[in-house]
Each structure stands twice: as C-alpha cells, then as structure tokens.
Amino acid sequence: METISLAAEVIGRRLSEIRNERNLTIQRMAVNADIDPKHLKKMENGISEPSVLVLNKIMKSIGGNLTDFFDHHFDEIYFLVIEERGDCFEKE
C-alpha cells in the first residue's frame, strides 16, 4: 500500500473541507479551476500533492486565495491528522 505523506493528507482534507463548505462536487470544483476532476480527487485523497500554483488556481476559481486555504482550519486539520496517525508531536 502506498504511503501518504502528511502534507498530502492535510492538504487533501483541507481541499475537501473547502469544497464541501461551498457545496461543490469534485466535478464542479475541477471545472471551475480548469483541472482534471480525477486529479482533484487524488489531491483530496492525499495521493497527489498539488503545487502552490494549482492550489492558488483552485482557490481563485472559488473566489478565495491562498491565505484562505492556510487559515486556522489548516492547523486544526494538521494536528488532527498527526493525532490520528499516532505520531508524536509537541504543540507549542
């Protein structure tokens, strides 16, 4: 089984969260951002790590920006994933 990187998993969960907040399907969000729906699905599943340019393109297509992507929810998701994985960390 392929190992999913922490970054890919956190980014994927955040993408999914944003998409669901806006009541968009994967198909609609992908069309809006002019990317392949299969690629977006892989990103959401943590199989593919999008570049900053792709993240920016997605966020712009829904009226947002990278600051919106990396808001406080991103930190919450990051620590949730670490906790679920059982990784050791010290939250500052």
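Applying the side-chain hydrogen bond (donor to acceptor under 3.5 Å, both in side chains) criterion to Glu9, with sequence neighbours excluded, gives Arg13, Arg85. Residues meeting the side chain to side chain contact (heavy atoms under 4.5 Å, CB included) test with Arg22, sequence neighbours left out: Ile18, Leu24, Ile62. Judged as a ring-ring contact (aromatic ring centres under 6.0 Å, His included), and not counting sequence neighbours, the contacts of Phe70 are Phe74.
Within the structure, the side-chain hydrogen bond (donor to acceptor under 3.5 Å, both in side chains) test picks out the following pairs touching residues 39-64 (sequence neighbours left out): Ser5-Glu49, Arg19-Glu44, His39-Ser48. Residue pairs satisfying the side-chain hydrogen bond (donor to acceptor under 3.5 Å, both in side chains) criterion with at least one member in residues 66-77, sequence neighbours excluded, are listed as follows: Arg14-Asp71. Applying the salt bridge (Lys or Arg N to Asp or Glu O under 4.0 Å) rule to pairs touching residues 25-40 yields nothing, sequence neighbours excluded.
Two different hydrophobic clusters hold Val31 and Ile58 under the rule that ILVMFWY side chains link at heavy-atom gaps under 4.5 Å. In this structure, Val52 is a member of the same hydrophobic cluster as Phe69, with clusters built from ILVMFWY side-chain heavy atoms closer than 4.5 Å. Both Ile35 and Met29 are members of a single hydrophobic cluster when ILVMFWY side chains are connected at heavy-atom separations under 4.5 Å.
The line from CD1 of Ile77 to CD1 of Ile82 is 12.5 Å long, rounded to the nearest 0.5 Å. The distance from the CD1 atom of Ile26 to the CG atom of Asn20 is 8.5 Å, given to the nearest 0.5 Å.
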Chi angles and distances behind the side chain to side chain contact (heavy atoms under 4.5 Å, CB included) call for Leu80, Val10: CA-CA 9 Å; Leu80 178 67; Val10 174; over 6 Å; no

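Tyr78 OH: 12 or fewer foreign heavy atoms inside a 6.0 Å radius.
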